[in-house]
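Following: one structure in structure tokens, then a few remarks.
In the text below, chain A, chain B and the rest are named by the order of the sequence lines, each starting its count at 1.
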Amino acid sequence: MTPGWWLRQRHYFLYIVREFTALPLALWLLWLLFEIHRAAGGPKAFYASGSPAFIAFSVVCLGFALYHSYTFLSLAGVIINIKVAGKPVPSRLIVLSQFAAWAIASLVIAAALIGFAR
Amino acid sequence: MNHDAEHVQKPAIAHLIWWFLFAQGGVIAAILLPVHILVQGILGPLGIVQVVDRHYDTWANVIGNPIVKLYLLVLIAFPFFHFAHRLRYLLVDLGVPAARSIPAQVIFYGGAIVVTLVTIWVLLTTVPIG
């Protein structure tokens, strides 16, 4: 393979982007771990991240996170083979169920994160 | 990778574990992570909605709960096994064959184990249970 092979075709480029999503997502989770740890110092030492740089970082991470979700959950239709009453479940239905699970989980988590703020 | 016939059983089980962690971590990151980033990383800091981690009282109250601690462990630790695998292969794909080596595997998967241990430590020492 020659250097920069992945820049020559859109398909290769998107493949590399998919692999790369791991880095920003890892950094964001490390931030979350840090945010948890900050509560160890008690109420006086605690502060919540809110700088424009942090928000911009999160916006970038959200883009990569959505791309990871979209590509990973779409793959489920290829990987998962389930038979119901002897007939294979169509892969479109499996993918749809994955996206439905994502939507429901997102609503529940958003409700918890906002609801417990009171 | 060792494909000798007499070693087939052991590596297969090891692969099963790593593949389980890789797949599980991928699913957890895909389904749980975007909403955390959106709410805690963007909407909360912008003040669009009230979010639990913006104030010490509500945040400490939530992360002191053992079920929340277990959830946060799953949310943070599992994806790192997925990330470790992806980033190692990203390096291979970008022309770093050394990323295939055993030391590289120890560094990447060992890194995921270290993150898991640190997460357990942080969760147990921050607003301890009881």
Side-chain angles (χ1 to χ4, degrees), chain A residues 1-3 5-6 15-16 18-23 25-26 28-40 42-46 48-51 54-55 57-59 61-62 65-66 68-73 75-76 79 98 101-102 105-107 109-110 112-118, chain B residues 23 26-27 29-47 49-64 68-69 71-72 75-77 79-80 82-87 89-91 93-95 111 115 118-119 121-123 125-128:
Chain A
M1 283 187 300
T2 51
W5 61 270
W6 52 282
Y15 164 77
I16 290 293
R18 198 187 76 191
E19 299 290 289
F20 178 78
T21 56
L23 190 64
L25 297 191
W28 201 87
L29 279 179
L30 289 178
W31 167 81
L32 180 61
L33 189 58
F34 188 59
E35 177 102 326
I36 296 165
H37 180 61
R38 241 186 267 148
K44 289 216 174 104
F46 182 79
S49 303
S51 68
F54 170 69
I55 297 169
F57 165 66
S58 291
V59 168
C61 289
L62 180 61
L66 291 173
H68 167 77
S69 300
Y70 172 74
T71 53
F72 197 83
L73 297 178
L75 268 182
I79 298 165
Q98 300 291 308
W102 180 23
S106 299
L107 285 175
I109 295 163
L113 289 171
I114 295 165
F116 285 112
R118 273 156 219 169
Chain B
V27 172
I31 288 182
L32 306 180
L33 204 44
V35 67
H36 278 279
I37 300 176
L38 177 67
V39 175
Q40 291 181 277
I42 300 168
L43 299 182
L46 286 175
V49 288
Q50 289 285 317
V51 180
V52 70
D53 64 352
R54 304 306 298 167
H55 299 285
Y56 176 81
D57 293 350
T58 51
W59 189 221
N61 191 27
V62 162
I63 57 182
V68 173
K69 285 186 193 291
Y71 170 76
L72 288 169
L75 173 69
I76 296 171
F80 272 88
H82 183 83
F83 300 153
H85 192 78
R86 281 211 156 159
L87 292 175
Y89 278 95
L90 179 66
L91 287 180
D93 290 338
L94 293 180
V115 169
V118 170
T119 305
W121 176 77
V122 166
L123 290 170
T125 55
T126 307
V127 198

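- Under the 4.5 Å side-chain criterion, counting only non-hydrogen atoms from C-beta, B:L75 is in contact with A:L32.
- For the set B:L43, B:T125, B:V62, B:L32, the entry with the most heavy-atom pairs within less than 4.5 Å of chain A is B:L32.
- Residue A:L30 holds its CG atom at 8.5 Å from CD1 of B:I76, rounded to the nearest 0.5 Å.
- Note that CG of B:L33 is 6.5 Å distant from CH2 of A:W28, once rounded to the nearest 0.5 Å.
- Ranked by heavy-atom pairs under 4.5 Å with chain A, the first of B:A23, B:P45, B:G41, B:A84 is B:G41.
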>> Go through it in stages, so that I can follow the logic: the residues are B:V39 and A:I109, the test is side-chain contact (heavy atoms from CB on, under 4.5 Å), and I'd like the CA-CA distance, side-chain angles, deciding distance and then a yes or no.
In response: CA-CA 9 Å; B:V39 175; A:I109 295 163; over 6 Å; no
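- Around atom CZ of A:F34, no more than 12 heavy atoms belonging to other residues, nucleotides or ligands sit under 6.0 Å away.
- Using a 4.5 Å cut-off between heavy atoms, A:R38 does not touch chain B at all.
- Residues passing the ring pair (Phe, Tyr, Trp, His ring centres under 6.0 Å) test with A:W6, sequence neighbours excluded: none.
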> Can you check side-chain contact (heavy atoms from CB on, under 4.5 Å) on B:L90 and A:L23, steps first, answer last?
Replying inline: CA-CA 10 Å; B:L90 179 66; A:L23 190 64; over 6 Å; no
>> Run A:T21 and B:R86 through side-chain contact (heavy atoms from CB on, under 4.5 Å) and show every step you take.
In response: CA-CA 9 Å; A:T21 56; B:R86 281 211 156 159; 3.7 Å; yes
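- If you take CD1 on B:I31 and NE2 on A:H68, they are separated by 9.5 Å, rounding to the nearest 0.5 Å.
- Heavy atoms only, all atoms of each residue included: B:Q40 and A:W31 are closest at O-CH2, 4.2 Å.
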> Could you walk me through whether B:D53 and A:I36 pass the side-chain contact (heavy atoms from CB on, under 4.5 Å) check?
Replying inline: CA-CA 9 Å; B:D53 64 352; A:I36 296 165; over 6 Å; no
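- Comparing B:T119, B:L72, B:T58, B:V52 by how many heavy-atom pairs each has under 4.5 Å with chain A, the most go to B:V52.
- Heavy atoms of B:P79 lying under 4.5 Å from chain A belong exclusively to its side chain.
- Heavy atoms of A:Y70 lying under 4.5 Å from chain B are absent altogether.
- Counting heavy-atom pairs under 4.5 Å between each of A:A26, A:A112, A:A105 and chain B puts A:A26 at the top.
- Taken from OG1 in B:T126 to CD in A:E35, the straight-line distance is 11.5 Å, to the nearest 0.5 Å.
- For the atom pair CZ of A:F46 and CZ of B:R54, the computed distance is 8.0 Å after rounding to the nearest 0.5 Å.
- When B:G44, B:A60, B:A29 are compared by the number of non-hydrogen pairs under 4.5 Å with chain A, B:A29 comes out ahead.
- In plain terms, the two heavy atoms of B:A30 and A:S69 that are nearest each other are O-OG, 2.7 Å.
- Between chain A and the options B:V27, B:V127, B:I37, heavy-atom pairs under 4.5 Å are most frequent for B:I37.
- Ring geometry, B:H82 versus A:F72: the interplanar angle exceeds 60°, so the pair is classed perpendicular (tilted spans 30 to 60°).
- Using a 4.5 Å cut-off between heavy atoms, A:S106 touches chain B through backbone and side chain atoms alike.
- Ranked by heavy-atom pairs under 4.5 Å with chain A, the list B:I63, B:L87, B:N61 is led by B:L87.
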